[in-house]
Amino acid sequence: EAGVTQFPSHSVIEKGQTVTLRCDPISGHDNLYWYRRVMGKEIKFLLHFVKESKQDESGMPNNRFLAERTGGTYSTLKVQPAELEDSGVYFCASSHQTSGRYYEQYFGPGTRLTVT
Amino acid sequence: LAKTTQPISMDSYEGQEVNITCSHNNIATNDYITWYQQFPSQGPRFIIQGYKTKVTNEVASLFIPADRKSSTLSLPRVSLSDTAVYYCLVSGNTGKLIFGQGTTLQVKP
């Protein structure tokens, strides 16, 4: 079974540019999550999709971040325009859900974003 | 979501048993206790999850006392490859995971 994949693995962009990160969850997982770790900080939750719907986007830092999950399969996270403080590692995770209980989340390897 | 407290770092030697204790005094009735492991340049990896008493799998054991205000992750006979950061998380029915600083375990030869 393929795990969670993320693309690209690394991205270096200049301040003000746009970057789109992609996450492919494990097939059949309805739940998809985005997290990020900025330098020296803890891993922070960004948002949670259930299929194509945003269940919880309380962790999105501001309106420069836009997440989508068209068709309930893969997801993209766009940062526009990127700022220096957006640098960090962006993780995607997926899980399945049964009877209201959320099971373990499977994480991807992350995308390291560097904004210069 | 309940906050967790765990040691920042621990050292051990190959072949020893390692126990990492986590405090979660404000755990709610519907919260589960979950432990993740993270190696450098990788995403966190699920190790074990429990609600009460003891849970064991092929990787670790999780001990949870009756009051559930703490939990202990036990790694039997660690090897160098167990050097990683270990996170204790408490999560309910929201799906969102709240990560703390974790415990950096260094296994020495």
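Numbered from 1 within each chain, the chains take letters A, B, ... in sequence-line order.
N31(A) pairs in a side chain to side chain donor-acceptor pair (under 3.5 Å) with only one of the listed residues (Q55(A), H48(A), K51(A)), which is H48(A).
The ring pair (Phe, Tyr, Trp, His ring centres under 6.0 Å) pairs that include a residue from residues 50-86 of chain A number zero, where partners must be two or more places apart or lie in different chains.
Crowding of Y51(B) atom OH: a count of heavy atoms from other residues, nucleotides or ligands under 6.0 Å exceeding 12. Counting non-hydrogen atoms of other residues, nucleotides and ligands closer than 6.0 Å to CZ of F39(B) gives a total above 12. The environment of K54(A) atom NZ is dense: over 12 non-hydrogen atoms of other residues, nucleotides or ligands sit within 6.0 angstrom.
Interface check for chain B: of the options R37(A), K44(A), K41(A), Q6(A), the most heavy-atom pairs under 4.5 Å are formed by R37(A). Top candidate by heavy-atom pairs under 4.5 Å with chain B, chosen from P109(A), G59(A), S9(A), is P109(A). Interface check for chain A: of the options P44(B), G43(B), S41(B), the most heavy-atom pairs under 4.5 Å are formed by P44(B).
T111(A) contributes no side-chain N or O that, together with a main-chain N or O of L21(A), makes up a donor-acceptor pair within less than 3.5 Å. Side-chain atoms of Q6(B) come within 3.5 Å of backbone N or O of Y86(B) as a donor-acceptor pair.
Neither the backbone nor the side chain of R112(A) has a heavy atom closer than 4.5 Å to any heavy atom of chain B. When heavy atoms are compared at a cutoff of 4.5 Å, Q101(B) approaches chain A by way of both its backbone and its side chain. Heavy-atom distances place the side chain of S58(A), and not its backbone, under 4.5 Å from chain B.
Listed in order of number, the residues of residues 60-70 of chain B that approach chain A to under 4.5 Å between heavy atoms amount to none.
Put simply, the side chain of C92(A) reaches to within 4.5 Å of the side chain of L32(A), judged on heavy atoms.
A perpendicular orientation is assigned to the rings of F107(A) and F91(A), their planes being inclined by more than 60° (bins at 30° and 60°).
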